[in-house]
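Structure record follows, encoded as structure tokens.
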2 protein chains.
Amino acid sequence: MRAEGLERVTMRRLAQELDTGPASLYVYVRNTAELHAAVLDRLLGEVDLSAAGAEGDWRERLVRLLTSYVDVLFAHPALARAALVARPSGEHYLDLVEAVLALLAEGGVPSARASWGLDLLLQYATASAAEHSAQGQAPQTKDDWDALTRALRDASPDRHPQIAALGTTLLSGTGEERLAWGFQVLISGITAAPEPPTTPPTP
Amino acid sequence: MRAEGLERVTMRRLAQELDTGPASLYVYVRNTAELHAAVLDRLLGEVDLSAAGAEGDWRERLVRLLTSYVDVLFAHPALARAALVARPSGEHYLDLVEAVLALLAEGGVPSARASWGLDLLLQYATASAAEHSAQGQAPQTKDDWDALTRALRDASPDRHPQIAALGTTLLSGTGEERLAWGFQVLISGITAAPEPPTTPPTP
DNA sequence: ACCTGAACACCGTTCAAGT
DNA sequence: ACCTGAACACCGTTCAAGT
């Protein structure tokens, strides 16, 4: 349960590490999703929450905090992908949520927008980590990306004029630059967006 | 290869449908990721591109187009999750990209911001579909969400004052409302964001 | 040369049988 | 009552042997 050094977190692998059969894990956890969520929450302990308290504008600090979160996920590709589906609900995750909310509050973002914006920011960070981390993981995704690059370059000006016109601009920038730019877009969008409708919680 | 009615797209399932062994598929496709990308692109043929040409503000039409994309992914949960990792590069995907870019151009978004914004919009749409579609798929994710709900409600005002203060606001709204709000945030953020740095394409 | 059966090395989950 | 060995029903990928 508290094993580390996990590249691909699976029931059987973990069971083996604990010198037992895979069935035994079902005493502590109901299924793989719950296992992922638990391991993920442990991992979130590595997020540098102090980035929220450092110097600088609240936006800068928010970006630094979220970047730390991305870095942590990035180091564990399998969990990054799991994080999108199996949301953790442990103490470390709550700490991260708290820190993000505190920064949004400091920036004067009203509560409804902060609530929805929180999800947007974390989802973007998680998806970016998952997407990009897969690249380094399996060699095949490299080929996928190459195929997309070629497809965009070879776009016919007749059928896809916009793509052809933009050309290499579509592929410009590094992953880091794009990540940072995305955070800026989200933050400025959240502060500018209309207040969301105030419906009662779903269930 | 052109089989449909697929809930979980796997090599073996598809091979069985084609009355052959799984090894045979490797003649047409190098691995599962490539298979997913191919099937996904076929699926994207169902996206309602005419939403881009309908009446209304370019923002409204963009949201309608992206919502159609989400709906299509939503109907095929397994592929939605695959879409984040295995980017398709087929004709249907290019058509979608073209349509989004055309709307951004109509809105007067400069090309560099449109290029990066495109990725942001599609990534958000894809991640939302993947995240939400998993909910309906496996019953366990429901429990995960319940656990998170409980964790947020029970947040201690001492350790997590922001969470406690927001209370049910954190969980307010339906999936549709949040999706639409997210699109608005992204669009307004993209139009307001600074021009990204103009670095040459990575390699 | 092209296709593929069979094998290898993995999975998650269940459940009856053990302690 | 609690734990788990063994079994079931799946996977992706490879490769030698067939045509």
Side-chain angles (χ1 to χ4, degrees), chain A residues 1-3 5-42 76-88 130 133-145 147, chain B residues 1-42 76-88 130 133-147:
Chain A
M1 197 64 180
R2 45 191 62 194
L6 7 93
E7 191 56 0
R8 260 147 80 207
V9 184
T10 86
M11 290 286 191
R12 295 185 105 99
R13 224 177 270 266
L14 189 56
Q16 196 169 3
E17 202 131 337
L18 266 53
D19 272 318
T20 179
S24 309
L25 297 178
Y26 286 80
V27 179
Y28 308 99
V29 118
R30 258 187 316 212
N31 48 49
T32 312
E34 217 169 284
L35 176 70
H36 283 333
V39 176
L40 186 55
D41 193 74
R42 283 195 77 74
H76 303 256
L79 284 175
R81 254 162 298 153
L84 269 172
V85 198
R87 301 283 283 267
S133 75
Q135 231 113 115
Q137 182 83 322
Q140 69 256 27
T141 29
K142 231 291 200 184
D143 301 338
D144 272 17
W145 203 77
Chain B
M1 196 63 181
R2 42 191 64 193
E4 277 298 332
L6 6 96
E7 191 56 359
R8 260 147 80 207
V9 185
T10 85
M11 290 286 191
R12 294 185 106 99
R13 224 177 269 266
L14 189 56
Q16 197 169 4
E17 201 131 339
L18 266 54
D19 273 318
T20 178
S24 311
L25 297 178
Y26 286 80
V27 178
Y28 308 98
V29 117
R30 258 186 316 209
N31 48 50
T32 312
E34 216 169 284
L35 176 71
H36 282 332
V39 177
L40 185 56
D41 193 74
R42 282 195 79 73
H76 303 256
L79 285 175
R81 255 162 298 153
L84 269 173
V85 198
R87 302 284 281 269
S133 76
Q135 231 113 117
Q137 182 83 322
Q140 70 257 24
T141 29
K142 231 292 199 184
D143 301 337
D144 272 16
W145 203 76
D146 287 353

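Here is how names work: the chains are called A, B, and so on, in the same order as the sequence lines, proteins then strands, and each is numbered from 1.
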Gap in Å between the two C1' atoms, one belonging to D:dC3 and one to C:dA16, rounded: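 Each nucleotide's C1' atom is 12 Å from the other's.
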Roughly how far, to the nearest 0.5 Å, is the [atom2] atom of [Y] from the [atom1] atom of [X]?
| X | Y | atom1 | atom2 | result |
| --- | --- | --- | --- | --- |
| A:Arg12 | A:Leu25 | CZ | CG | 10.5 Å |
| B:Leu18 | B:Tyr28 | CG | OH | 8.0 Å |
| A:Asn31 | A:His36 | CG | NE2 | 9.5 Å |
| B:Leu35 | B:Leu40 | CG | CG | 10.5 Å |

Any side-chain N or O of [X] under 4.0 Å from OP1/OP2 of [N]?
| X | N | answer |
| --- | --- | --- |
| B:Thr10 | D:dC10 | no |
| A:Ser24 | D:dC3 | no |
| A:Arg13 | C:dC11 | yes |
| B:Thr32 | D:dT13 | yes |

Given DNA chain D, 5'-ward residue of the pair A:Thr20 and A:Arg12, judged by closest heavy atom: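 Comparing both residues, the 5'-ward one is A:Thr20.
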Counterpart base for [N], defined by Watson-Crick or G-U wobble contacts under 3.5 Å:
| N | answer |
| --- | --- |
| C:dC10 | none |
| D:dA17 | none |
| D:dC3 | none |

Closest listed nucleotide, where the reference is the side chain of [X] and the choices are [options]:
| X | options | value |
| --- | --- | --- |
| B:Tyr26 | D:dT13, C:dT14, C:dA6 | D:dT13 |
| B:Val27 | C:dC3, D:dT4, C:dT13 | C:dC3 |
| A:Met11 | C:dC3, C:dG12, D:dG5 | C:dG12 |

Passes side-chain contact (heavy atoms from CB on, under 4.5 Å), A:His76 versus A:Val9? Steps please. CA-CA 10 Å; A:His76 303 256; A:Val9 184; over 6 Å; no
Starting from [atom2] on [N], measure out to [atom1] on [X] and report it in whole angstrom.
| X | N | atom1 | atom2 | answer |
| --- | --- | --- | --- | --- |
| A:Gln16 | D:dT4 | CD | C1' | 15 Å |
| B:Asn31 | D:dC11 | CG | C1' | 15 Å |
| A:Glu34 | C:dG12 | CD | C1' | 14 Å |
| B:Leu25 | C:dC2 | CG | P | 18 Å |
| A:Leu14 | C:dC11 | CG | C1' | 14 Å |

